[in-house]
Amino acid sequence: MAVTHLRGTVVLGDEHEVGEAWVVGDRLTLERPAGAPDAVLEGWVLPGLVDVHCHIGLASDGAVDAATAERQALADRDSGVLLVRDAGSPADTGWVHERADLPRLIRAGRHLARPKRYLRHYGRELVDVRELPAAVREEAARGDGWVKLVADWIDRDLGDDGDLRPLWPDDVLVDAVAAAHDAGARVTAHTFATESLDALLDAGVDCLEHGTGATPDQVDRIAAAGVPVTATLLQVGQFEAIAAQGEARFPRFAARMRAMHARRHAHVRDLHDAGVRVLVGTDAGGTIGHGRIADEVAEMVAAGVPARDVVAAASWRTRSWLGVEGVAEGASADVVVYEADPREDVRVLAAPAAVVLRGTRYR
């Protein structure tokens, strides 16, 4: 079996680094193997990056074909993202599991939404809200341990008063989250609106996507509950443009989106300062291109989150939270190598010196 010597600073965790490790076949070892290595990679070695809000198989108008989904996954891999939690996709991407050259994929099935209350061709639309618990059970069976709910979206039926409104009654949310947990799955929820958050927390949701409407009291609730939030600052950075598009017909909605856009950095900083686990996710696959993890990290640092915390969240901390090993004895050899320490300068993440997935080097 081929042996690659990883040399320099090999990051195992927040307070644990070693000076070297080895790739033997498709596995990592911290013990020197016999003989000379076939190759040497030197620099700062991190466990493969994680994009925890990504949509392989999705484009702006819905599902894509397998060839397009493959290109999306390859763009993620080449950026250093070797683990993806797919936060909802209308395409069946289970075939990605069979491809050793594509990132590890944790699927959440289809977004669960209601007719005319989400983006067209994205979600599974339930006519009767009472169908949600059964739909959750079905999506849990189709996915890889996660289910994605759309908790709020603009209600256009309100005319000039059209604005973000919750999709589900509180009791239905409770039953839906319980159904997922009974099936051994976790639930994450798309939420922009302030009005949705308390019901989601009451129901025991496991993760929040965006969370842009959280008030200071809700931020404290999120922190106390230990519920992570995926910041998706690249996506929230588009809120001003979304507001401009909808302002003529839906002025209330536009005003809210503008307000959330204006305080997007303060919002993420407040989450971090309150002790919330802030996750790194690009929201690639709708209107955002794949392979932009470095841009998302840079936005989070610009928001005031310390670079060391953001890099950890983009790598080993979130791998652990998802139950996937990082750099450890016998773990899959999924690492990214940099010429400088990205914890000191996150711009380094944009130019990996090497990407190694399942023991094979791809750049």
Side-chain angles (χ1 to χ4, degrees), residues 26 48-113 118-125 135 138-148 150 188 190 209 230 232 234-235 237-238 280-297 314 318-319 322 324 332-336 349-363:
D26 64 353
L49 303 186
V50 185
D51 190 337
V52 80
H53 188 127
C54 188
H55 303 281
I56 293 174
L58 175 69
S60 59
D61 56 353
V64 300
D65 60 21
T68 303
E70 177 188 49
R71 289 194 293 272
Q72 293 173 338
L74 289 172
D76 292 325
R77 182 200 70 190
D78 292 346
S79 74
V81 169
L82 304 184
L83 175 62
V84 168
R85 186 191 64 169
D86 192 299
S89 176
D92 181 357
T93 54
W95 56 269
V96 172
H97 296 319
E98 309 302 320
R99 290 280 298 271
D101 60 328
L102 299 182
R104 299 180 186 279
L105 180 62
I106 298 173
R107 297 169 300 138
R110 296 196 69 175
H111 310 71
L112 292 173
Y118 195 49
L119 295 163
R120 292 182 63 191
H121 310 305
Y122 275 38
R124 176 179 170 185
E125 298 179 348
E138 292 168 1
E139 295 304 322
R142 292 176 182 143
D144 301 317
W146 281 91
V147 176
K148 172 73 173 291
V150 178
T188 194
H190 160 102
E209 309 303 312
T230 312
T232 64
L234 292 178
Q235 180 62 262
Q238 299 186 131
V280 182
T282 63
D283 206 354
T287 58
I288 295 171
H290 285 256
R292 296 191 60 190
I293 192 77
D295 295 332
E296 183 67 30
V297 166
T318 301
R319 294 180 77 90
L322 288 169
V324 180
S332 179
D334 301 346
V335 298
V336 191
L349 291 176
V355 173
V356 179
L357 173 61
R358 298 180 177 92
T360 298
R361 181 177 180 180
Y362 289 98
R363 61 177 296 172

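Please read these numbers as outputs of a predicted model, since none were measured by experiment.
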Closest approach of [X] and [Y], non-hydrogen atoms and distance?
| X | Y | result |
| --- | --- | --- |
| Ser79 | Gly291 | CB-O, 3.6 Å |
| Ala91 | Val64 | CB-O, 4.2 Å |
| Leu58 | Gln72 | O-NE2, 3.0 Å |
| Ala108 | Gly88 | CB-N, 3.9 Å |
| Trp146 | Leu322 | NE1-CD2, 4.0 Å |
| Val297 | Ala314 | CG2-CB, 4.1 Å |

Are side-chain N/O atoms of Asp65 and Thr68 paired as donor and acceptor at under 3.5 Å?
yes
Taking atom types as modelled and ignoring hydrogens, do the side chains of Arg104 and Ser332 form a donor-acceptor contact shorter than 3.5 angstrom?
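Their side chains do contain a donor-acceptor pair, which is all the 3.5 Å distance test asks for.
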Against His53, only a single residue in Thr188, Thr232, Asp283 fulfils side-chain hydrogen bond (donor to acceptor under 3.5 Å, both in side chains); can you say which?
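Option passing the side-chain hydrogen bond (donor to acceptor under 3.5 Å, both in side chains) with His53: Asp283.
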Among Asp144, Thr93, Asp86, the one residue meeting side-chain hydrogen bond (donor to acceptor under 3.5 Å, both in side chains) with Arg107:
Asp144
With no hydrogens and no angle check, is any side-chain donor or acceptor of [X] less than 3.5 Å from a backbone partner on [Y]?
| X | Y | answer |
| --- | --- | --- |
| Arg319 | Gly48 | yes |
| Tyr122 | Ser60 | yes |
| Arg292 | Ala284 | no |
| Asp51 | Thr282 | yes |
| Arg363 | Asp78 | yes |

Under the rule for ring-ring contact (aromatic ring centres under 6.0 Å, His included), what residues qualify as partners of His290, not counting sequence neighbours?
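Listed in chain order: nothing, the list is empty.
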Under 4.0 Å between a Lys/Arg side-chain N and an Asp/Glu carboxylate O for Glu209 and Lys148?
no
Looking at Asp26 and Arg358, does any basic side-chain N land under 4.0 Å from a carboxylate oxygen?
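Answer for the salt bridge query: no.
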Heavy-atom distance under 4.5 Å between the side chains of [X] and [Y], does that happen here?
| X | Y | result |
| --- | --- | --- |
| Ile56 | Ser89 | no |
| Leu82 | Tyr362 | no |
| Gln238 | Ile288 | yes |
| Val50 | Arg85 | no |
| Thr360 | Asp101 | no |
| Leu83 | Ile106 | yes |

Below 30° counts as parallel, above 60° as perpendicular, anything between as tilted: where do the rings of Tyr118 and His190 land?
perpendicular
Identify, with sequence neighbours excluded, every residue that meets salt bridge (Lys or Arg N to Asp or Glu O under 4.0 Å) alongside Glu125.
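By the salt bridge (Lys or Arg N to Asp or Glu O under 4.0 Å) rule, Glu125 matches no residue at all.
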Under the salt bridge (Lys or Arg N to Asp or Glu O under 4.0 Å) rule, collect the residues that match up with Arg124, sequence neighbours excluded.
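Counting only residues at least two positions away or on another chain, Arg124 forms a salt bridge (Lys or Arg N to Asp or Glu O under 4.0 Å) with Glu138, Glu139.
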Evaluate side-chain contact (heavy atoms from CB on, under 4.5 Å) for Thr230 paired with Val280, printing each intermediate quantity in order.
CA-CA 6 Å; Thr230 312; Val280 182; over 6 Å; no
